Amino acid sequence: MGRMDPDDPNAGLFGGDDEELSDEEFLQRQLYDKNPLRVAALSDLCYEEMIEGVDAMDVPEDAKRKMIFSLAAGSVLDMLCDSDQEAGLDAMFSFDVFLGVSLTNKRHKVDLFKEHMKALMGVSRGDFPDEDAYENALAEFEERWWDIPQPLLGQRTPNDAIRETLSRYGLTE
């Protein structure tokens, strides 16, 4: 199929040629670039009712703002959980892990993902006899790093620090 004719007023009615996207571009477009559109849709779905309910409460303004956030976040999480039981379990497990890493980063003023990548970059291809040995060592180190004590965490392992963080919220099971 060729490109759409820019002079044809009907060219885009039934879709056009899909541009070739790399996997990374496709994920970016599907996961992040659509978030403003998702926010608009969620706003149309529940904003007015949520605000009306919160405004009707006789509580301080600070409490109202926190309640609005809690209601919105809870609604989104409920939607994810309701989508499909197996997908919901996977999504919530991954979300909890990411939440644990993010909270640990905030508490310790670090970026564990960046530190992890820095450590992986230190594994030199030249230290291995072939590409397979290098890839295997890299994969093993990538997993093992999370159980190596880190100076930025006071010599705690990232996994221990994350589990401790998640346990504060009852999210370790």
Side-chain angles (χ1 to χ4, degrees), residues 1-48 50 68-148 150 152 158-159 161-162 165-166 169 171:
M1 262 182 134
R3 288 266 175 229
M4 284 193 301
D5 180 355
D7 296 325
D8 181 357
N10 297 317
L13 287 177
F14 301 102
D17 287 345
D18 291 334
E19 63 183 281
E20 286 292 319
L21 299 174
S22 69
D23 289 346
E24 187 176 294
E25 291 168 325
F26 175 78
L27 288 172
Q28 175 69 33
R29 189 173 284 180
Q30 293 300 314
L31 295 175
Y32 300 102
D33 292 353
K34 288 186 177 182
N35 278 347
L37 304 172
R38 291 179 180 114
V39 169
L42 283 168
S43 176
D44 288 348
L45 179 66
C46 60
Y47 178 78
E48 286 182 31
M50 187 175 19
I68 289 169
F69 172 81
S70 296
L71 289 169
S75 293
V76 170
L77 293 172
D78 286 348
M79 285 182 209
L80 289 171
C81 292
D82 290 344
S83 63
D84 171 87
Q85 205 168 39
E86 191 172 319
L89 280 171
D90 289 343
M92 291 300 99
F93 175 79
S94 294
F95 184 79
D96 290 349
V97 169
F98 186 76
L99 192 57
V101 171
S102 297
L103 287 165
T104 300
N105 285 345
K106 183 176 181 178
R107 179 175 180 222
H108 293 278
K109 295 175 180 50
V110 299
D111 183 337
L112 290 174
F113 290 127
K114 192 179 285 182
E115 294 300 319
H116 183 245
M117 286 307 295
K118 251 196 280 184
L120 289 175
M121 299 305 281
V123 178
S124 174
R125 166 63 182 92
D127 293 340
F128 299 92
D130 57 44
E131 192 65 29
D132 285 340
Y134 171 67
E135 293 289 331
N136 289 337
L138 199 57
E140 181 184 321
F141 181 65
E142 184 173 14
E143 245 345 275
R144 199 171 41 110
W145 182 86
W146 296 93
D147 290 310
I148 297 172
Q150 300 296 317
L152 294 171
N159 277 335
I162 293 165
T165 298
L166 287 173
Y169 297 91
L171 296 172

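All heavy atoms count here, side chains included; hydrogens, waters and symmetry mates do not. This is a predicted model, so every value here is computed, not measured.
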| For atom CD of E143, is the number of surrounding heavy atoms from other residues, nucleotides or ligands below 6.0 Å larger than 12? | no
| request: Say whether, by atom type as modelled, one donor and one acceptor occur between the side chain of S83 and the main chain of L80 under 3.5 angstrom. | output: yes
| task | Mind checking the CD1-CZ spacing from I162 to R107? Nearest 0.5 Å is all I need. | result | 12.0 Å
| task | Answer yes or no: does atom CD of Q30 have more than 12 heavy-atom neighbours from other residues, nucleotides or ligands under 6.0 Å? | result | yes
| field | Point-to-point distance, once rounded to the nearest 0.5 Å, from NZ of K118 to CG of L120 | value | 12.5 Å
| request: Could you pull out all residues at least two apart from K106 that satisfy salt bridge (charged side-chain N to carboxylate O under 4.0 Å, His left out)? | output: none
| field | Euclidean distance, L152 CG relative to L112 CG, rounded to 0.5 Å | value | 8.5 Å
| note | Between P158 and I148, the two heavy atoms sitting closest are CD-O, 3.3 Å
| query | Which heavy atom of R38 sits nearest a heavy atom of L31, and at what distance? | reply | NH1-O, 3.0 Å
| Separation of L37 CG from L42 CG (nearest 0.5 Å) | 11.0 Å
| M117 atom CE: more than 12 heavy-atom contacts under 6.0 Å | no
| said: As an exercise, state the distance from CG of L71 to OH of Y47, rounded to the nearest 0.5 Å. | reply: 12.5 Å
| V39 backbone acceptor or donor facing S43 side chain under 3.5 Å | no
| message | Rounded at 0.5 Å granularity, tell me how far CG in L77 sits from CG in D82. | response | 11.0 Å
| note | Taking every heavy atom of A72 against every heavy atom of M50, the minimum-distance pair comes out as N-SD, 3.7 Å
| message | Please find the pair of heavy atoms, one from D132 and one from D130, that lie closest to each other, and give the distance. | response | N-OD1, 3.1 Å
| field | Residues forming a ring pair (Phe, Tyr, Trp, His ring centres under 6.0 Å) with H116, sequence neighbours excluded | value | W145, W146
| request: Kindly determine whether R125 and L138 satisfy side-chain contact (heavy atoms from CB on, under 4.5 Å), including the steps that lead there. | output: CA-CA 9 Å; R125 166 63 182 92; L138 199 57; over 6 Å; no
| request: Examine distances only and state if a side-chain atom of R144 and a backbone atom of D147 form a donor-acceptor pair shorter than 3.5 Å. | output: no
| said: Minimum heavy-atom separation for L166 and D96, please, with both atom names. | reply: CD2-O, 3.4 Å
| query | Can Y169 and L103 be said to form a side-chain contact (heavy atoms from CB on, under 4.5 Å), step by step? | reply | CA-CA 11 Å; Y169 297 91; L103 287 165; 3.6 Å; yes
